[in-house]
Number of protein chains: 2
Amino acid sequence: MHNIRVTADTQTWSIADLAAEYDVTLRTIRFYEDRGLLTPERRGTVRVYHPRDRVRLGLILRGKRLGFSLDEIATIVNMYDAEPGEEGQLVYLLHQIATRRAELEQRRRDIEETLHELAEVERRCQADLDNLRQKTH
Amino acid sequence: MHNIRVTADTQTWSIADLAAEYDVTLRTIRFYEDRGLLTPERRGTVRVYHPRDRVRLGLILRGKRLGFSLDEIATIVNMYDAEPGEEGQLVYLLHQIATRRAELEQRRRDIEETLHELAEVERRCQADLDNLRQKTH
DNA sequence: CTTTACGTTTACGTAAGCGTCAACCACGAG
DNA sequence: CTCGTGGTTGACGCTTACGTAAACGTAAAG
């Protein structure tokens, strides 16, 4: 990274901004906060989202696409900004990482298999279709 | 094991057999049947599972690992043994396949990203740990 | 005959992940 | 002053994917 200093990253978003950007409802965003996944600033009663919150929302939604539960996602995203901490903590974190990695690699294998099989079904299907059109024309 | 015959095509399984093999509960298997995902033979009231059902159960569970809902899984596994059918059907099926493929490829990208980021976190974490152990020895 | 193992249906319970009101500010424009 | 826009907190509802009894059938073993 060559940009030692960037413009002070002071941008903020409203709840509606993030909802529109990520195509989720306000209810969803507030629900994630309720579950401790987001912690926006409050100006009065109003939520103000900082870059950190925005990134986390992205991570949460990616986790959802991967089929993780919100609880699992919580442990994952909290790993990202864990402070150095003590030895026990670090060892625990490394163990968590290994576990998640194993899960993800299993999922990747599942995806590869499924893609191959879908390709096979598609081939059959396309053959049937060609065959059908051959006859009628 | 209640396997009646072990010749390749004729083998059957009890509900408990499949539950043990795939590590799910009987309730789960019956629930999948209720949702139309499995259609075991009945001998009297008792369910008897054929190779086809066993394969489908495997597909269902793989679909779950990928984060698909049972409804989505239903459309996917039903694609596998669709009969040739008429043109409209085939076109529809091809469209479904394209959709699923796009989803899966998105998931694969998500996984790659997450794996890379986990590797990064792990690196940081390992560095902190090494640092800590350096100091105490 | 009773126990044990394995199966069945029916039905209520539950946790997750939101959807959907209702009722209430706050504020700038017309 | 009123209206529209955008925000807030409850609180109840709903679907999915099962868990968890309860109550019963059947067939072999002791």
Side-chain angles (χ1 to χ4, degrees), chain A residues 11-50 53-54 56-78 103 107 110, chain B residues 1-4 11-50 53-54 56-78 103 107 110:
Chain A
Q11 186 172 4
T12 62
W13 292 265
S14 75
I15 188 168
D17 290 339
L18 289 190
E21 177 174 355
Y22 287 102
D23 194 28
V24 294
T25 68
L26 310 189
R27 178 70 177 86
T28 299
I29 294 180
R30 294 195 191 105
F31 181 72
Y32 292 160
E33 179 178 348
D34 206 56
R35 302 299 302 272
L37 289 167
L38 296 174
T39 51
E41 183 199 341
R42 292 293 183 125
R43 282 185 197 155
T45 76
V46 175
R47 292 168 174 84
V48 175
Y49 295 87
H50 291 263
D53 303 303
R54 188 165 159 275
R56 286 178 73 99
L57 181 53
L59 292 175
I60 293 165
L61 297 176
R62 196 177 66 190
K64 287 221 63 187
R65 287 199 299 275
L66 293 177
F68 287 108
S69 75
L70 287 187
D71 277 9
E72 293 172 305
I73 292 172
T75 77
I76 294 176
V77 299
N78 286 330
E103 288 177 23
R107 275 176 168 76
D110 288 336
Chain B
M1 296 277 194
H2 291 163
N3 298 338
I4 311 222
Q11 186 170 6
T12 63
W13 293 265
S14 74
I15 189 169
D17 290 339
L18 289 190
E21 178 174 355
Y22 286 103
D23 194 30
V24 294
T25 67
L26 310 189
R27 178 70 176 88
T28 299
I29 294 180
R30 294 196 193 104
F31 181 72
Y32 292 160
E33 178 179 348
D34 206 55
R35 301 298 301 272
L37 289 167
L38 295 174
T39 51
E41 184 198 341
R42 293 292 183 125
R43 283 184 196 155
T45 75
V46 175
R47 291 169 175 85
V48 175
Y49 295 87
H50 291 263
D53 302 304
R54 188 165 158 275
R56 286 178 74 99
L57 182 52
L59 292 175
I60 294 166
L61 296 176
R62 196 177 66 189
K64 287 220 62 185
R65 287 198 299 273
L66 293 177
F68 287 108
S69 76
L70 286 189
D71 276 8
E72 292 172 306
I73 292 173
T75 77
I76 295 176
V77 300
N78 287 329
E103 288 177 24
R107 275 175 169 75
D110 288 336

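All chains are named by letter (A, B, ...) in the order of the sequence lines, taking the proteins before the strands, and each is independently numbered beginning at 1.
- Taking only side-chain atoms of A:Thr28, from C-beta outward, the nucleotide of C:dG19, D:dG7, C:dG7 with the closest atom is C:dG19.
- In this structure the side chain of B:Arg107 reaches within 4.5 angstrom of the side chain of B:Phe68, judged on heavy atoms.
- An OP1 or OP2 oxygen of D:dG7 is reached within less than 4.0 angstrom by a side-chain nitrogen or oxygen of A:Ser14.
- One finds no side-chain N or O of A:Lys64 lying less than 4.0 angstrom from the OP1 or OP2 phosphate oxygen of C:dG17.
- Contact check for B:Arg62 versus B:Ile73: no side-chain heavy atoms found under the 4.5 Å cut-off.
- At a threshold of 4.0 angstrom between heavy atoms, the contacts of A:Leu26 with the nucleic acid are absent.
- Contact check for B:Asn78 versus B:Arg56: side-chain heavy atoms found under the 4.5 Å cut-off.
- Between A:Ile15 and A:Ile29, the closest heavy-atom pair is O-CD1, 3.7 Å.
- Summarising the geometry, the separation between CG on B:Leu57 and P on D:dC18 is reported as 11 Å, rounded to the nearest angstrom.
- At whole-Å resolution of the value, CZ in B:Arg47 and P in D:dG25 are 17 Å apart.
- The shortest distance between the side-chain N/O atoms of A:Tyr32 and the OP1/OP2 oxygens of C:dC18 is below 4.0 Å.
- Across all strands shown, A:Arg43 has no heavy atoms under 4.0 Å from either base or sugar-phosphate atoms.
- Atom CZ in A:Phe31 sits about 6 Å away from atom P in C:dG17, given to the nearest Å.
- A:Ile29 places its CD1 atom 15 Å from the P atom of D:dG6, with the value rounded to the nearest Å.
- Taking atom CD1 of B:Ile73 as the reference point, atom C1' of D:dT16 lies 12 Å away to the nearest angstrom.
- When the P atom of C:dA16 is taken as reference, atom CG of B:Leu70 falls 18 Å away, rounded to whole Å.
- Side chains of A:Asp53 and A:Tyr32 form no contact here, defined as non-hydrogen atoms less than 4.5 Å apart.
- At D:dA17, one or more side-chain N or O atoms of B:Arg35 fall inside 4.0 Å of OP1 or OP2 (strictly under the cut-off).
- Atom pair A:Arg65:CZ and C:dG17:P shows a separation of 16 Å (rounding to whole Å applied).
- The side chain of B:Thr25 lies closest to D:dG19, out of D:dG19, C:dG17, D:dA17.
- Among the atoms of the strands shown, base atoms are found under 4.0 Å from some heavy atom of A:Arg30.
- Residue B:Asp23 contributes atom CG, which lies 15 Å from atom C1' of D:dC18 at whole-angstrom precision.
- When distances run from any side-chain atom of B:Arg42 to the nucleotides D:dG7, C:dG7, C:dT8, the shortest one goes to C:dT8.
- For a distance-only test at 3.5 Å, the side chain of A:Arg27 qualifies as a donor-acceptor partner of the base of C:dT20.
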